[in-house]
2 protein chains.
Amino acid sequence: MKKTLNLVVQEIKKKGIQLSHQRLKILEYLINHLNHPTAQEIYCSLIKEMPTLSKTTIYNTLDLLEEHQIIKKISIENQEAHYDFIYQDHGHFKCNVCQKIFDFKISVDAQPIQELQGFSITKQSVYFQGTCISCLKV
Amino acid sequence: MKKTLNLVVQEIKKKGIQLSHQRLKILEYLINHLNHPTAQEIYCSLIKEMPTLSKTTIYNTLDLLEEHQIIKKISIENQEAHYDFIYQDHGHFKCNVCQKIFDFKISVDAQPIQELQGFSITKQSVYFQGTCISCLKV
DNA sequence: GTTCCTGCAAAAGCTTTGCAGAAGA
DNA sequence: TCTTCTGCAAAGCTTTTGCAGGAAC
């Protein structure tokens with residue numbers, strides 16, 4: 001995971017973006033927590049070691065990282081946005097019983113979809129809901 | 001379209017839900033506007049003929065219809081939710097150039113997805129972003 | 001008469017904006 | 001020095017809640 005962080009840091013610096021202490025910590029958090037944290041969750045965790053950290057900085061950084069396609073902003077539901085470090089394209093499945101969110105690989109191509117012939121897809125979100133296998137067994 | 005409305009009204013009444021004037025108008029709006037309206041859009045349109053209509057009623061009704069799987073709440077982005085009358089399962093594609101939202105048919109089955117073996121999918125949202133064919137040509 | 005529905009007002013929650021001070025190049 | 005970043009405070013928006021009056025059964 002350390003390796004991934006370093007790679008991403010290099011990638012970001014190449015783009016001429018300054019990586020302040022705050023930004024680095026937020027990025028690190030996202031890489032180490034692939035369970036779709038919210039801005040609030042990131043804030044609550046980082047405030048412990050950075051007592052002056054503000055939510056504004058969290059939002060600024062998340063927007064910045066999203067603009068540069070380092071992370072993805074996903075709307076699971078409600079008003080609260082979740083953020084995902086992009087390590088591969090994947091969909092999300094939320095179990096309505098245990099509330100857990102599962103990831104799964106997706107490989108969708110625009111070409112087989114008749115209505116999207118010739119379209120260019122740059123971002124894809126796939127979100128399912130239902131009951132996971134463990135909860136079905138109970 | 002009139003036929004669809006009547007069918008849905010029957011379906012709802014069968015479930016023992018009262019269909020007040022307000023609820024009927026909101027439902028009618030959703031059936032006649034399949035372009036993913038927001039609560040605000042529905043409100044702005046209906047307030048003209050129902051000056052006392054409140055946003056609370058809109059939200060109450062939308063929640064009610066969603067609970068009974070008549071409509072689907074979708075999070076395209078931002079804080080504002082969009083609502084979709086369920087006439088068939090379909091995904092959404094938003095063009096980042098012209099901002100238009102396109103619909104396309106989807107037929108996803110849990111079984112080919114390794115990570116979701118044995119899961120039960122009751123709701124699915126597929127949302128793509130990119131550039132549509134018209135904007136690519138320009 | 002009892003239950004459900006409507007809608008005003010207020011509150012709640014997430015996100016954005018303005019701005020001044022601090023940090024970095 | 002000049003640009004960029006941080007973070008407080010306030011505002012902006014969407015959505016939810018409490019509650020009283022009204023409608024439906």
Side-chain angles (χ1 to χ4, degrees), chain A residues 9-10 12-30 36-68 70-84 99 101 125, chain B residues 9 12-30 36-68 70-84:
Chain A
V9 167
Q10 279 173 37
I12 291 176
K13 284 188 176 163
K14 228 181 277 173
K15 292 181 182 178
I17 299 164
Q18 289 180 37
L19 268 180
S20 66
H21 181 57
Q22 287 90 334
R23 290 180 178 179
L24 195 63
K25 281 291 173 190
I26 293 168
L27 180 63
E28 199 180 321
Y29 184 92
L30 285 161
H36 337 92
T38 61
Q40 179 68 25
E41 280 162 11
I42 300 170
Y43 177 76
C44 287
S45 174
L46 296 184
I47 194 77
K48 291 170 196 161
E49 46 178 315
M50 303 165 72
T52 65
L53 181 68
S54 84
K55 278 259 198 104
T56 307
T57 301
I58 305 266
Y59 283 116
N60 284 341
T61 304
L62 291 173
D63 287 349
L64 185 81
L65 294 175
E66 201 204 0
E67 270 168 38
H68 290 86
I70 310 293
I71 62 171
K72 195 156 88 166
K73 183 178 183 176
I74 51 178
S75 305
I76 291 288
E77 56 191 13
N78 306 329
Q79 295 173 245
E80 215 175 358
H82 295 247
Y83 296 87
D84 232 22
Q99 306 292 318
I101 297 175
S125 313
Chain B
V9 167
I12 291 175
K13 284 188 176 165
K14 228 180 276 173
K15 292 181 182 175
I17 300 164
Q18 288 180 36
L19 267 180
S20 65
H21 182 58
Q22 288 89 334
R23 289 181 177 178
L24 194 63
K25 281 292 173 188
I26 293 167
L27 180 64
E28 200 181 320
Y29 184 92
L30 286 160
H36 337 91
T38 61
Q40 179 67 24
E41 280 163 10
I42 300 170
Y43 177 75
C44 287
S45 174
L46 295 184
I47 194 75
K48 291 170 197 164
E49 46 177 315
M50 303 166 70
T52 65
L53 182 68
S54 83
K55 279 261 198 101
T56 307
T57 301
I58 305 266
Y59 283 114
N60 284 341
T61 304
L62 290 173
D63 288 350
L64 186 80
L65 293 176
E66 200 204 0
E67 269 169 38
H68 290 86
I70 311 292
I71 63 172
K72 195 157 88 167
K73 184 177 183 175
I74 51 178
S75 304
I76 291 290
E77 57 190 14
N78 305 329
Q79 297 173 245
E80 217 175 356
H82 294 248
Y83 295 88
D84 232 21

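In what follows, every heavy atom counts, from backbone to side chain, and hydrogens, waters and symmetry copies are set aside.
Residues A/Leu62 and A/Lys73 have side chains not in contact (no heavy-atom distance under 4.5 Å, counting atoms from C-beta outward). In this structure, the side chains of B/Ile12 and B/Leu27 come closer than 4.5 Å at one or more pairs of heavy atoms. Counting only heavy atoms from C-beta outward, the side chains of B/Ser45 and B/Glu41 never approach each other to under 4.5 Å.
Rounding to whole angstrom units, CD1 of residue B/Ile58 and P of D/dT16 are separated by 13 Å. Atom C1' of nucleotide C/dG13 and atom CD of A/Glu41 are separated by 15 Å, given to the nearest angstrom. Following rounding to the nearest Å, A/Met50 (CE) and D/dC8 (C1') show an atom-to-atom distance of 16 Å. Here the P atom of nucleotide C/dT15 and the CD1 atom of A/Ile42 are 10 Å apart, to the nearest Å.
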(request) For A/Leu46 and A/Glu49, run side-chain contact (heavy atoms from CB on, under 4.5 Å): C-alpha distance rounded to whole Å, both residues' side-chain angles, the deciding distance at 0.1 Å, then the answer. (result) CA-CA 6 Å; A/Leu46 296 184; A/Glu49 46 178 315; 4.0 Å; yes
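Within a 6.0 Å sphere centred on NZ of A/Lys15, heavy atoms belonging to other residues, nucleotides or ligands number more than 12.
With sequence neighbours excluded, the residues satisfying side-chain hydrogen bond (donor to acceptor under 3.5 Å, both in side chains) with A/His36 are A/His92, A/Asp103.
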Under-3.5 Å N/O pairs linking protein and nucleotides 13-15 of chain D:
| from | atom 1 | to | atom 2 | distance (Å) |
| --- | --- | --- | --- | --- |
| D/dT14 | O3' | B/Gln79 | O | 3.3 |
| D/dT14 | O2 | A/Gln79 | NE2 | 3.3 |
| D/dT15 | OP1 | B/Gln79 | O | 3.4 |
| D/dT15 | OP1 | B/Ala81 | N | 2.8 |
| D/dT15 | OP2 | B/Tyr59 | OH | 2.4 |
| D/dT15 | O5' | B/Tyr59 | OH | 3.3 |
| D/dT15 | O4' | A/Gln79 | OE1 | 3.4 |

Collect all protein-nucleotide pairs involving nucleotides 4-6 of chain D in which both atoms are nitrogen or oxygen and the distance is under 3.5 Å.
| from | atom 1 | to | atom 2 | distance (Å) |
| --- | --- | --- | --- | --- |
| D/dC5 | OP1 | A/Arg23 | NH1 | 2.8 |
| D/dC5 | OP1 | A/Arg23 | NH2 | 3.3 |
| D/dC5 | O5' | A/Arg23 | NH2 | 3.4 |
| D/dT6 | OP1 | A/Ser20 | OG | 2.2 |
| D/dT6 | OP1 | A/Gln22 | OE1 | 3.4 |
| D/dT6 | OP2 | A/Arg23 | NE | 3.4 |
| D/dT6 | O3' | A/Gln22 | NE2 | 3.1 |

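Atoms CG and CD1, from A/Asn60 and A/Ile26 in turn, are 9.0 Å apart once rounded to the nearest 0.5 Å. Atom CZ in A/Arg23 sits 6.5 Å away from atom CD in A/Gln18 (nearest 0.5 Å).
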